[in-house]
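Have a look at the structure below before the remarks.
What you see is a predicted model, and the numbers here were worked out from it, not measured in a lab. Whatever order the structure lists ligands and atoms in, that order sets their numbers, starting from 1.
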Amino acid sequence: MNWSHFQEKLIPAGYSESDQEFIRSAFEFAQKAHEGQKRASGDPYFSHVFEVASNIALLRLDARTIAAALLHDTIEDCNITQADIANKFGKEVATLVEGVTKLDKIRYQGVQRNVESIRKMVLATAEDVRVVLLKLMDRLHNMQTIAHLPEDKQKRIARETLELYAPLAYRLGIGELKGTLQDLAFPVMYPEEAKWIKEQVETRVPEGRKYLEEEIKPFIEDTLLKDNVQPVAIDFRAKHHYSLWQKLLRSDMDFGRVSDLLAVRVIVRSIEDCYKTLGIIHQLWKPVPGRIKDYIALPKPNGYRSLHTTVFCEENRITEFQIRTPQMHEEAEYGIAAHWAYEESGKPKSGARARPQQLSWVRRLPEWHQEIGNSSDGEEFLESLKIDFFKDRIFVLSPKGEVFDLPEGATPVDFAYHIHTEVGNHMAGAKVNGKMVQFTHKLISGDAVEILTQKNKKPAPDWLTHVKTSLARGHIRAALRKDAELAQHAAHGKQREKCEVHIVSKNRVGLLKDISAVFDFYRISMQNVSMSTHNKTYPAITVTFQARDHKQIERLVTRLKTIENVEQITVKNPG
Ligand code: MN
């Protein structure tokens with residue numbers, strides 16, 4: 001696993017000297033960062049990074065993506081920050097690595113109704129399609145080495161691969177990768193079925209391959225050449241096990257109804273030759289009605305192009321043919337990655353970002369939702385259209401890895417109320433990606449949000465001005481209303497508390513009447529009035545009463561002091 005081994009993979013793809021130097025620095029940086037780390041298999045951790053980056057090189061992605069592949073696990077596992085990577089390898093590489101790190105935080109729960117939003121989240125979080133490609137290659141190697149993990153972990157990862165990553169690979173047009181991922185997950189998820197399919201394939205395919213190789217291939221080669229069509233290659237494609245099983249499930253487990261267990265793939269130079277080849281095949285053998293598919297004129301939503309036909313071949317054996325050009329073949333193998341691939345000259349395309357293709361891919365997303373959304377109902381599909389390709393939605397994570405779908409501009413307060421009303425009502429603080437943030441902080445897709453709560457915390461009225469969701473707003477209003485009612489109750493409670501006022505005054509006629517007039521003025525009822533006549537000239541009058549609050553008592557006392565002959569007033573408030 002030294003540099004020269006890796007370089008061997010770069011040279012055939014035609015990476016320039018300077019690209020190779022750049023990749024080399026990332027290679028050495030990652031090798032050092034993972035030094036001493038081991039995988040579950042006992043292999044050095046770097047072997048994983050090496051394989052992922054090799055596969056990225058196989059897709060012939062740009063040098064920065066290869067560097068990102070080499071560095072993809074350094075942030076998580078090696079105390080290296082995004083800033084370190086940005087300083088050494090530039091912002092673009094750092095963004096790609098950060099994207100993969102963010103995707104790793106998505107914990108797939110396998111809850112059916114969540115699948116759709118997780119798929120959306122993966123796409124929205126990735127932002128750059130290259131991040132999804134990196135994640136797919138990471139997953140591919142993890143699936144290849146899954147046997148070393150405990151069984152429950154194997155099941156979780158396999159399920160996630162079948163339901164989340166294989167459909168993503170298909171969507172990116174990387175049909176081969178989709179099939180490979182499914183076939184790796186198949187025996188983990190359905191051991192018995194996978195074993196049965198494997199046995200069936202092992203008994204059926206070799207004989208079929210022999211027949212095609214010996215009888216059909218030479219025959220068709222000759223005929224094409226006679227008609228001036230130069231075949232680039234004629235080979236055979238065996239159906240992937242998982243997709244074969246899926247097809248059998250739809251065909252009452254009847255192998256007789258699966259005609260493409262093995263298909264003949266004819267690669268010719270031009271589109272014109274494709275149609276010519278189709279005509280030649282149909283002249284040789286009778287086509288099965290309804291099985292001719294022109295994916296050149298009408299490509300599949302993921303961009304797949306080819307001509308397919310199924311014919312009654314020699315000995316009446318039903319055989320499928322796939323006809324395509326080398327470019328179509330490349331696109332079928334590499335999918336969207338083919339658009340980043342090097343031009344024929346061996347030099348990378350300028351800009352390497354291939355914006356137009358990326359956009360056309362995004363435009364096809366609704367079709368994708370339709371295709372893979374069999375499990376989700378029509379309403380969900382409409383919902384996914386409504387969000388206008390995530391432009392006004394964000395997807396954030398709880399500490400448990402659950403995905404929350406919020407409108408753009410949503411704050412931690414919105415998030416808190418989406419977790420639980422009580423979490424919102426007692427929110428004391430928020431952490432985003434491990435750092436404390438303000439309540440007004442605007443969340444973005446991929447943020448991991450943690451809400452801190454305290455029993456005595458309550459919503460503040462100003463929260464209403466910065467929350468985005470009606471859910472949060474409604475709960476805050478309800479909490480504020482409840483709080484105001486409680487405050488009123490508390491005030492009522494105080495009123496019931498007894499106060500005593502002692503008034504020392506020179507005795508005179510009408511003194512008590514004047515005092516009670518002051519109490520009347522403040523609408524305070526005197527509950528008990530007593531007069532101590534210990535000193536007959538200066539009697540002490542004690543009045544017990546209930547006041548609303550302290551201010552009311554102050555006002556009362558001030559006014560009592562204005563009564564003629566009153567010398568001294570003291571208040572005792574037992575509350
Ligand atoms: Mn990894």
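- Note on ring orientation: taking the six-membered ring where Trp is involved, the planes of Phe27 and Phe6 are tilted (angle from 30° to 60°).
- Taking Glu176 as the reference, Thr180, His240, Glu333 meet the side-chain contact (heavy atoms from CB on, under 4.5 Å) condition, with sequence neighbours excluded.
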**OP:** Go through His466 and His441 one step at a time and tell me if the ring-ring contact (aromatic ring centres under 6.0 Å, His included) criterion holds.
**Re:** CA-CA 9 Å; His466 57 70; His441 180 90; over 10 Å; no
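- Ring geometry for Tyr304 versus His308: interplanar angle over 60°, hence perpendicular rather than tilted (30 to 60°).
- Contact check on Lys102 versus Glu98 returns no salt bridge, with no Lys/Arg side-chain nitrogen under 4.0 Å from an Asp/Glu carboxylate oxygen.
- Between Glu151 and Arg156, none of the side-chain N atoms (NZ, or NE/NH1/NH2) sits under 4.0 Å from a carboxylate O, so this pair counts as no salt bridge.
- The tally of protein N/O/S atoms under 2.8 Å from the Mn ion (ligand 1) stands at 4.
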